Amino acid sequence: MEIKNCILKVDGNEYPAIGFGTYRLTGEICRNAVSEAIQTGYRIIDTAAYYTNFASIAEALKGHDREQFYLISKVWHDMQEPDNIRLDFEKALRELETDYLDAYLIHWPNSKIPIEKSLGAMRDLPVRHIGLSNVTVNHMRRALEAGIMISWVQVEMHPLFYDNALLKFCQNHGIGHQAWRPLNQGRLQDDELLATIGIKYNKTASQIALRWILQHGSIPIPGSKTALHIRENFQIQDFSLSDEEMLKINARAAAGTRVRLTGKHGFLDEFDFSYEECWPRKSL
Ligand code: NAD
């Protein structure tokens, strides 16, 4: 798995190194947004059972060659026992109208289910690559200890927060890295530092954010229902940030803090990112 000249190469296949995120896109809005993304050139599409939009994505993919696309889905924390994983995966295939997934990730690890159990079940499914989302180096070590090959991690990363230790760990172990919330939910469009850097390249603050991620060797997966933004976000291949600009953004992002979940997602915060032991040991 490598990114070269803004192209992601996986097992001999090539895709533009930017994914289209579909969180909060459902129904016709999702179908139209994904169609627009496909027309723009996106080939990596990120979804999850939690997003309830498989059927809309399937509609947008109709008439296109399935093999040209890299489809990612994620299993929610309440479906991570092996039998449930199979059900979740089958539902994804059925509703996405496909007979395989390119990547299947654990969305938020469930602290009550041993990682090797869930990953082991995922390995037996018709999926090219498996991976983890919302993890730290601690979790990765634990997963690798279990001897299961992981191809991807998908974590929060944008110019106001990144986990550089995890990024380096992934690079050292040949594990691909995907950046969720790459625009900090659109709020980076008014960021002063990014906007100032953008003037030099005739790019928006959002494009600078995405380019910073890409230059770190990570795949940004921005989402939008607006055609203008969908196209804007894709135009990050024709310029490069200088080392000095990268370092400036790094310094600020390294000092940031990750998102904590509240409200209806509060239950996921039981999953404390600072824990040494992230999943119960096999013996538990
Ligand atoms: P994002 O940073 O991609 O922001 C999306 C929002 O930003 C859009 O709704 C739109 O309002 C705005 N926007 C998009 N492009 C813009 C532009 N060029 N200028 C100004 N505003 C713009 O945040 P996100 O949607 O939360 O994350 C992206 C994707 O990451 C999701 O769709 C999903 O696929 C994935 N994700 C995964 C997890 C996980 O737990 N694995 C969590 C969150 C998101």
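Here the structure is a predicted model, which means the values were calculated and not measured. Read the numbers this way: they start at 1 and go in the same order the structure lists the ligands and their atoms.
- Within the structure, ligand 1 has Lys74 among the residues with a heavy atom less than 4.0 angstrom away.
- Proximity to Ile221 (heavy-atom distance under 4.0 Å) selects the following atoms of ligand 1: 28 (C), 29 (C), 30 (O), 35 (C).
- Ligand 1 has no N or O atom lying under 3.5 Å from any N or O atom of Ser224, backbone or side chain.
- A salt bridge is absent between Glu90 and Arg94; no separation between the charged side-chain nitrogens and carboxylate oxygens falls under 4.0 Å.
- Residue contacts with ligand 1: Tyr23 is placed with a nitrogen or oxygen under 3.5 Å of a nitrogen or oxygen of the ligand (distance criterion only).
- Contacts with ligand 1 closer than 4.0 Å are made by no heavy atom of Ala48, backbone or side chain.
- Between the Glu81 side chain and the Ile113 main chain, no donor and acceptor come within less than 3.5 Å of each other.
- Closest to atom 23 (O) of ligand 1 by heavy atom, among Gln235, Arg231, Arg181, is Arg181.
- Between Asp88 and Lys91, none of the side-chain N atoms (NZ, or NE/NH1/NH2) sits under 4.0 Å from a carboxylate O, so this pair counts as no salt bridge.
- The protein heavy atom nearest to atom 14 (C) of ligand 1 is Gly223 O, 3.2 Å.
- The residue from Gln189, Met157, His229 that puts a heavy atom closest to atom 13 (N) of ligand 1 is His229.
- Using a 4.0 Å cut-off between charged nitrogen and carboxylate oxygen, Asp102 and Arg43 do not count as a salt-bridge pair.
- The number of heavy atoms from other shown groups lying within 6.0 Å of CG (Asp243) does not exceed 12.
- The shortest heavy-atom distance from Trp108 to ligand 1 is under 4.0 Å.
- Protein heavy atom in closest approach to atom 34 (O) of ligand 1: Asp46 OD2, 2.6 Å.
- Between the side chain of Glu156 and the backbone N or O of Val259, at least one donor-acceptor pair lies under 3.5 Å.
- Below 4.0 Å from some heavy atom of Asn134 lie the following atoms of ligand 1, by number and element: 39 (C), 40 (O), 41 (N).
- For the side chain to side chain donor-acceptor pair (under 3.5 Å) with Lys74, the qualifying choice from Asn134, Thr47, Asp46 is Asp46, the only one to do so.
- Proximity of Asn233 to ligand 1, defined as any heavy-atom pair under 4.0 Å, is confined to the side chain (atoms from C-beta onward).
- Between Glu97 and Arg66 no salt bridge is recorded (no basic side-chain N to carboxylate O distance below 4.0 Å).
- There is a protein heavy atom less than 4.0 angstrom from atom 40 (O) of ligand 1.
- Nearest protein heavy-atom contact of atom 43 (C) of ligand 1 is Trp180 CE3, 3.3 Å.
- By the 3.5 Å distance cut-off applied to N or O atoms, Leu183 is counted among the residues near ligand 1.
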